[in-house]
**Student:** 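Dumping the structure here so I can ask a few things about it.
Note that this is a predicted model, so its numbers are computed, not measured. Atom set for the values below is all heavy atoms of this structure, side chains included, hydrogens, waters and symmetry mates excluded.
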Amino acid sequence: MCRTLAAFPTTCLERAKEFKTRLGIFLHKSELGSDTGSVGKFEWGSKHSKESRNFSEDVLGWKESFDLLLSSKHGVAAFHAFLKTEFSEENLEFWLACEEYKKIHSATKLASQAHRIFEEFICSEAPKEVNIDHETRELTRTNLQAATATCFDVAQGKTRTLMEKDSYPRFLKSPAYRDLAAQT
């Protein structure tokens, strides 16, 4: 009945380790200050009323537009924490990696970062593989041959659309967001 770990494919063992890590995050929710059953409450109070007012406007703006959420450092942090509870943070992490990638000016750095991003998020069996179709994956692989600031644009756009249509509405309905909006 018991097989040695060596008999399992490496990918299975890596996935099991990743699952264990993700499950650990969920199991430690009490350490994150949650009493509602969701992982973590988001509480960013400020001692300065002007900062609090700006933060309140920021939080309420997240409901108005996905772009406002993505343009806010607190919005990204709250959305990332929410995505972790759903085990889908790789989408946002990929989107953010692409945004940072676009800021690179050195051709050498572009090429090395492009391959790192591809290996981490795009290739089959990547540790943080994003959910994109085969054609987009292959187009991105082709784009890597001449890495430019736009080589991930199609994949990033599809991932963004997926988050906006799927995860973002759930985030807005989540107890974590409602608690945060109620604090404003």
Side-chain angles (χ1 to χ4, degrees), residues 14-15 17-19 21-22 24-26 32 38-44 54-55 57-133 135-144 146-174 176-177 180-181:
E14 289 171 2
R15 295 280 181 179
K17 287 178 187 175
E18 181 180 344
F19 181 73
T21 301
R22 289 180 174 191
I25 292 168
F26 181 72
L32 298 173
S38 64
V39 178
K41 279 189 176 181
F42 308 112
E43 297 177 10
W44 289 295
N54 289 341
F55 179 70
E57 292 168 6
D58 203 21
V59 171
L60 297 176
W62 302 344
K63 192 170 190 167
E64 302 303 316
S65 141
F66 189 55
D67 289 326
L68 288 175
L69 175 76
L70 292 177
S71 66
S72 161
K73 70 177 181 177
H74 294 302
V76 168
F79 190 50
H80 188 256
F82 169 75
L83 291 174
K84 278 187 169 190
T85 68
E86 295 200 332
F87 307 111
S88 61
E89 68 271 15
E90 69 278 353
N91 295 321
L92 180 61
E93 290 173 5
F94 170 66
W95 187 86
L96 291 169
C98 290
E99 289 300 295
E100 287 301 311
Y101 174 78
K102 291 175 186 178
K103 296 175 185 175
I104 298 172
H105 297 295
S106 161
T108 308
K109 278 190 176 182
L110 270 178
S112 67
Q113 276 299 96
H115 288 287
R116 185 195 65 77
I117 291 170
F118 187 85
E119 292 297 319
E120 186 174 357
F121 297 103
I122 303 292
C123 73
S124 296
E125 302 297 321
K128 296 180 180 181
E129 185 178 355
V130 293
N131 185 13
I132 56 173
D133 57 87
E135 292 80 22
T136 303
R137 189 178 318 282
E138 290 308 308
L139 172 65
T140 306
R141 184 186 315 277
T142 302
N143 289 345
L144 284 183
T148 65
T150 61
C151 68
F152 291 107
D153 282 0
V154 175
Q156 184 186 22
K158 292 200 178 204
T159 302
R160 184 193 186 287
T161 299
L162 179 65
M163 288 189 297
E164 185 173 18
K165 302 283 186 223
D166 187 40
S167 306
Y168 173 61
R170 285 196 313 276
F171 169 69
L172 295 177
K173 293 175 185 171
S174 71
Y177 175 75
L180 189 55

**Student:** Atom CD1 in I132, atom CD in Q156: separation rounded to 0.5 Å?
**Tutor:** 11.5 Å
**Student:** Under a 3.5 Å cutoff, is there a donor and acceptor pairing between the side chains of D133 and T136?
**Tutor:** yes
**Student:** For L70 and R160, run side-chain contact (heavy atoms from CB on, under 4.5 Å): C-alpha distance rounded to whole Å, both residues' side-chain angles, the deciding distance at 0.1 Å, then the answer.
**Tutor:** CA-CA 10 Å; L70 292 177; R160 184 193 186 287; 4.1 Å; yes
**Student:** Heavy atoms only: give me the nearest Y168-L69 pair and the separation to one decimal.
**Tutor:** CD1-CD2, 3.9 Å
**Student:** Once you round to the nearest 0.5 Å, how far does CG of D58 lie from OG of S71?
**Tutor:** 7.0 Å
**Student:** Tell me if a side-chain donor or acceptor on S65 pairs with a main-chain N or O of L68 at a distance below 3.5 Å.
**Tutor:** yes
**Student:** Taking the side chain as everything from C-beta on, heavy atoms only, tell me whether F118 gets closer than 4.5 Å to C151.
**Tutor:** no
**Student:** Distance check, rounded to the nearest 0.5 Å: E89 atom CD versus M163 atom CE?
**Tutor:** 12.0 Å
**Student:** Could you grab the distance from atom CD of E86 to atom CG of D166, nearest 0.5 Å is fine?
**Tutor:** 7.5 Å
**Student:** Checking side-chain contact (heavy atoms from CB on, under 4.5 Å) for the pair I122/R141: CA distance, chi angles, key distance, verdict?
**Tutor:** CA-CA 9 Å; I122 303 292; R141 184 186 315 277; over 6 Å; no
**Student:** Please report the closest heavy-atom contact between S167 and F79, naming both atoms and the distance.
**Tutor:** CB-CZ, 3.9 Å
**Student:** Between atom CD of E90 and atom NZ of K84, what is the distance when rounded to the nearest 0.5 Å?
**Tutor:** 12.0 Å
**Student:** Check step by step if side-chain contact (heavy atoms from CB on, under 4.5 Å) holds for N143 and T148.
**Tutor:** CA-CA 8 Å; N143 289 345; T148 65; over 6 Å; no
**Student:** Does the ring center of F66 lie less than 6.0 Å from the ring center of F171?
**Tutor:** no
**Student:** So, taking the atom named OG1 in T140 and the one named CG in L144, what distance separates them when rounded to the nearest 0.5 Å?
**Tutor:** 7.0 Å
**Student:** Do K158 and E135 pass the salt bridge (Lys or Arg N to Asp or Glu O under 4.0 Å) test, and can you show the C-alpha distance, the side-chain angles, and the key distance before you say yes or no?
**Tutor:** CA-CA 12 Å; K158 292 200 178 204; E135 292 80 22; over 6 Å; no
**Student:** Kindly give the heavy-atom pair with the smallest separation between A111 and A147, and that separation in Å.
**Tutor:** CA-CB, 3.9 Å
**Student:** Are any of the side-chain heavy atoms of E100 and K103 separated by less than 4.5 Å?
**Tutor:** yes
**Student:** For a quick test of reading the model, state the closest non-hydrogen atom pair linking N91 to T159 and the distance between them.
**Tutor:** O-CG2, 3.5 Å
**Student:** Is the Y177 ring parallel, tilted or perpendicular to the W62 ring (thresholds 30°, 60°)?
**Tutor:** tilted
**Student:** Does K128 form a salt bridge (Lys or Arg N to Asp or Glu O under 4.0 Å) with E120? I'd like the steps, not just the answer.
**Tutor:** CA-CA 6 Å; K128 296 180 180 181; E120 186 174 357; 3.5 Å; yes
**Student:** With under 30° as parallel and over 60° as perpendicular, where do the rings of F94 and F152 fit, or are they tilted in between?
**Tutor:** perpendicular
**Student:** Counting N and O atoms only, with roles assigned by atom type, does the side chain of E119 sit under 3.5 Å from a partner on the main chain of H115, one being a donor and the other an acceptor?
**Tutor:** no
